[in-house]
Amino acid sequence: MRNQEVINKAEVTLATLKTGGLMNPTQSSTFIRMVQNAPTLLQDARVIPMDSDAQKIEKIGFGQRILRPGQEGVGLTNEQKSAPTTSTVELNAKEVIAEVNITYDTLENNIEGDNLQNTIMQMLAERAAVDIEELILNGDTKSSDAYLAQLDGIRKQATSHIVDVAGEPLTRQVFKEGYKAVPPKYLRVPQEFRFYTSPGQEVEWKDKVADRQTGLGDAAVQGGLSSAFGVPVKGIANMQPYDEDGTDVSDILLTHPKNIILGFSRNIRIEVDKDIRRRKFIIVLTAKLDSKFEEEDAVAKIIKVKE
């Protein structure tokens, strides 16, 4: 397909992606799935499409023993009877915006056959996923960065179980302290939890595991997902280190992936412009989202781990 044919087709495709700027329900659901499938924290999290800017998620469960000794012909007293505990997680979506530039050459070199629409959607989703991960992870309403100041991300939300290692390097002891900080009632299946670290910390841990000269060590060097006390250790690109008294340190989060809720509004807009002088399409995406822990008590945060 010649360059001009690709450009003409792109104009038609981009026009069909938007209906007055607002995606139709099928398009928005497809886009949300594409964002979730990108290799970011969103791939692990529990993504909930929101029908409005504010949405409540009801929680129900039993936080204590419900079984009692049975006696034939004798019922349980009122004190022995159990009732579930209920609570609510509230999501309040904040608007985010992304601008993606696709040059004519990029389109010509990457489009094959009739896959133009999927390719453009995939490009948008992959870039948006990285930015959304940054916000839900590092958001801080007190930040000087206007984008990150829109909401408090999960790093800031984790407050109940803090383990401060005061600049100590990553060791098995660091992971052990984080593991023990989470109430045992949540860690029934440790292998389903994750230690989320910076990419540098993940490499450091793999290197330490590799020193054991075992099959597990070989697997770690080859890129396998290493673990600590049965919990997989996974590096997240946006879990970046920070300076603490002249030393680069970072955090580690321990939680179940599905404990991280990402509410994603279905009201996603795509608006398109064309810059003929720079030979590119300008695609502006707007969406609304929020993120919360379903059970913040089930999270441990290890802070100030030396990089």
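Throughout, numbering of the chain's residues begins at 1 and tracks the sequence.
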Under 3.5 Å donor-acceptor pairs involving side-chain atoms of residues 300-307, not counting sequence neighbours:
{"from": "K301", "atom 1": "NZ", "to": "R155", "atom 2": "O", "distance (Å)": "2.6"}
{"from": "E307", "atom 1": "OE2", "to": "S198", "atom 2": "OG", "distance (Å)": "2.6"}
{"from": "E307", "atom 1": "OE2", "to": "S250", "atom 2": "OG", "distance (Å)": "2.7"}

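- A donor-acceptor contact shorter than 3.5 Å is absent between the side chain of E168 and the backbone of V174.
- Residues L170 and T197 fail the side-chain proximity criterion, which asks for heavy atoms closer than 4.5 Å.
- Using modelled atom types, no side-chain atom of E244 and backbone atom of G167 make a donor-acceptor pair closer than 3.5 Å.
- Residues V96 and D131 form no side-chain contact, since every pair of their non-hydrogen atoms from C-beta on lies 4.5 Å or further apart.
- In this structure, F281 is a member of the same hydrophobic cluster as I276, with clusters built from ILVMFWY side-chain heavy atoms closer than 4.5 Å.
- A donor-acceptor distance shorter than 3.5 angstrom exists from the side chain of S291 to the backbone of I261, with no hydrogens or angles considered.
- Using a 4.5 Å cut-off on side-chain heavy atoms (C-beta onward), K142 and K156 make contact.
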Criterion side-chain contact (heavy atoms from CB on, under 4.5 Å) on R46 and I48, from CA distance to verdict: CA-CA 6 Å; R46 177 182 167 199; I48 297 178; 3.9 Å; yes
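- Cluster annotation: I282 and L124 are assigned to distinct hydrophobic clusters (Ile/Leu/Val/Met/Phe/Trp/Tyr, side-chain heavy-atom contacts under 4.5 Å, transitive).
- Of the possible polar contacts, none joining the E294 side chain to the V89 backbone as a donor-acceptor pair under 3.5 Å is found.
- For the residue pair Y196 and M239, the shortest heavy atom distance occurs at O-CE, 3.5 Å.
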Full working for side-chain contact (heavy atoms from CB on, under 4.5 Å) between I132 and T40: CA-CA 9 Å; I132 292 170; T40 62; over 6 Å; no
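- Hydrophobic clustering (side-chain heavy atoms under 4.5 Å, transitive across Ile, Leu, Val, Met, Phe, Trp, Tyr) keeps V130 apart from L137.
- Considering only heavy atoms from C-beta on, V299 stays 4.5 Å or farther from I154 through its side chain.
- Not counting sequence neighbours, the partners of R278 by the salt bridge (charged side-chain N to carboxylate O under 4.0 Å, His left out) test are D275.
- For K280, the side chain to side chain donor-acceptor pair (under 3.5 Å) criterion is met by no residue, not counting sequence neighbours.
- For N238 (side chain) and N138 (main-chain N/O), no donor-acceptor pair under 3.5 Å exists by modelled atom type.
- A perpendicular orientation is assigned to the rings of F264 and F31, their planes being inclined by more than 60° (bins at 30° and 60°).
- With hydrogens and angles ignored, the 3.5 Å screen pairs no side-chain donor or acceptor of D152 with any backbone N or O of Q157.
- Formation of a donor-acceptor pair under 3.5 Å by the Q43 side chain with backbone atoms of Q36 is not found in this model.
- Residues K206 and E202 are paired through a salt bridge, judged by an N-O separation under 4.0 Å between the basic side chain and the carboxylate.
- Taking every heavy atom of both residues into account, L135 and L151 meet most closely at O-CD1, 3.8 Å.
- Nearest heavy atom pair, residue A158 against residue L253, reads CB-CD2, 4.0 Å.
- Checked by atom type and distance alone, the side chain of H161 pairs as donor or acceptor with a backbone atom of D297 at under 3.5 Å.
- Contact of the I57 side chain with the T88 side chain is not registered, since no non-hydrogen atoms from C-beta on lie closer than 4.5 Å.
- Residues I268 and I32 meet the side-chain proximity criterion, which asks for heavy atoms closer than 4.5 Å.
- In this structure, the separation between CG on D243 and CG on D248 is 6.0 Å, given to the nearest 0.5 Å.
- The environment of NZ in K258 is crowded: more than 12 heavy-atom neighbours from other residues, nucleotides or ligands sit within 6.0 Å.
- The minimum heavy-atom distance linking G263 with L91 is given by the pair CA-CD1, 3.8 Å.
- At a threshold of 4.5 Å between non-hydrogen side-chain atoms, the residues L42 and I136 count as touching.
- Residues L254 and G178 share a closest heavy-atom pair of CD2-O, 3.6 Å.
- At least one side-chain heavy atom of E134 sits under 4.5 Å from a side-chain heavy atom of Y147.
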Criterion ring-ring contact (aromatic ring centres under 6.0 Å, His included) on W205 and F175, from CA distance to verdict: CA-CA 10 Å; W205 182 244; F175 283 123; 4.8 Å; yes
